[in-house]
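Have a look at the structure below, then the notes.
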Amino acid sequence: MFDVEAIRRQFPILHQQINGKPLIYFDNAATSQKPRQVLEALMHYYTTMNANVHRGIHTLAEKATEAFEATREAVAKMINAPSKEQVVFTRGTTESINLVAATYGRAFLRQGEEIIISAMEHHSNIVPWQMICQEKGAVLKVIPINQAGELLLEEYEKMLSPRTRLVAVMHVSNALGTVNPIAEIVRLAHQQGAVVLVDGAQAAPHYAIDVQALDVDFYVFSAHKMYGPTGIGILYGKRHLLEAMPPYMGGGEMIKEVTFQQTTYNDIPYKFEAGTPNISDAVAMKAAVEFVQQTGFQTIAAHESQLLAYATQTIADIDGIRIIGTAKEKASVLSFVIDGVHPMDVGMLLDAKGIAVRTGHHCAMPLMNYFGIAGTVRASFAVYNTKEEIDVFAKELRKVAHALR
Ligand code: C6P
């Protein structure tokens, strides 16, 4: 039996008052809160083993390196990567995408070739591709969506051609909640010889990811949205691609030998990890991986899906409300507008009641343009949220809508 109160007890931050009201944290798509085991892992790292990794032969350096590499191993297992060398530590999703755009893009993209993204992408999965297309004279194409916020797969299929070099799509939309059919997107791209990068920032917190079953070429995500620390994220890549890609940044750790004439680069993944990495947060990320695995992805997804259904139904009859993102397959993101009311005003009035939601364009301005809106109010749920919180949220939202309209 799933015991949400037992889960909540593991999250110290949840047990506080905000503006005199018990905190209701519904901004999980922006960043999730951290369980005690992650906080303790950080403390444990700094109080027992802090040292630089891969460099020293002293005991602490060995301990730190072991803990750092243990996270790589745990992440590889979690996403079913064939080997831990295919798991590169980055600062997060944004850096992972920029890394691929800058290295794979710079090395392999040719003038007149095409990169396909989708109309619902986060700016992190638009701008790096725009930059590399401009640099290389390549063309950026965009898969359109329907009013429900679903990709038009027939249009995508028509867009693909031998000119397509790379397809970059999100697994789950941060602004709509749409879950995209990644295996099918990958299958179609591979038929044309294109590689696929999947932005898994909003999928990794909710679903068991199997990079081999999906057959993705690159899969990227951030620890901080899956109960881990900020400043650490993952780039998974197929071995032959990572090996063929040039390095991202130059510096320590990414080399085998340096002379003033030339440098030979280290093997993967270290080739992409120049400089002292974010060791402490990487080490603590293992505790986040363990948290989601102990809780179980099935349990997490089932609970969040109940919350989404309950919230959607509970707010549906509020005057003037319109839900943005009504795809058949949805993760626990509830985005909406209220006619005649600015999303920011809603967010501020909810905050006064201790309720944290995100308002605005959610770093998806082209998507907002498609819907003809400046932004939405977004409630996004995590495993520690409850139906009772949704009841309070719906009651306060009703009052806010009434007062502002
Ligand atoms: N979305 C949101 O509130 P970083 O910041 O690198 O960890 O993740 C960027 C990113 C990339 N792709 C998707 C689908 C995302 O949702 C995000 C982060 C947050 O929706 C902050 S804008």
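In listed order, ligands and their atoms are each counted from 1.
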Below 3.5 Å only, please: the N or O atoms of ligand 1 paired with protein N or O atoms, distance on each line.
unit_1   : atom_1 : unit_2 : atom_2 : d
ligand 1 : 1 (N)  : H122   : NE2    : 3.4
ligand 1 : 1 (N)  : K225   : NZ     : 2.9
ligand 1 : 3 (O)  : R358   : NH1    : 2.5
ligand 1 : 3 (O)  : R378   : NH1    : 3.4
ligand 1 : 3 (O)  : R378   : NH2    : 2.7
ligand 1 : 6 (O)  : T94    : N      : 2.9
ligand 1 : 6 (O)  : T94    : OG1    : 2.5
ligand 1 : 7 (O)  : S222   : OG     : 2.7
ligand 1 : 7 (O)  : H224   : NE2    : 2.7
ligand 1 : 12 (N) : D199   : OD1    : 3.3
ligand 1 : 12 (N) : D199   : OD2    : 2.6
ligand 1 : 16 (O) : Q202   : NE2    : 2.7
ligand 1 : 20 (O) : N174   : ND2    : 2.8
ligand 1 : 20 (O) : R378   : NH1    : 2.8

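- With sequence neighbours left out, P247 forms a side-chain contact (heavy atoms from CB on, under 4.5 Å) with M254, Y265, K271.
- Under the 30°/60° scheme for interplanar angles, the aromatic rings of F89 and F68 are found to be tilted.
- Partner of M170 under the side-chain contact (heavy atoms from CB on, under 4.5 Å) criterion, out of V179, L176, N180: N180 alone.
- Between the side chains of Y384 and N28, at least one donor-acceptor pair of N or O atoms lies under 3.5 Å.
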request  = Evaluate the ring pair (Phe, Tyr, Trp, His ring centres under 6.0 Å) criterion for residues F26 and F381: first the C-alpha distance (whole Å), next the side-chain angles of each, then the deciding distance (0.1 Å), finally the verdict.
outcome  = CA-CA 6 Å; F26 283 172; F381 310 116; 4.9 Å; yes
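- D281 has no carboxylate O lying under 4.0 Å from a charged side-chain N of R91, or vice versa, which leaves the two without a salt bridge.
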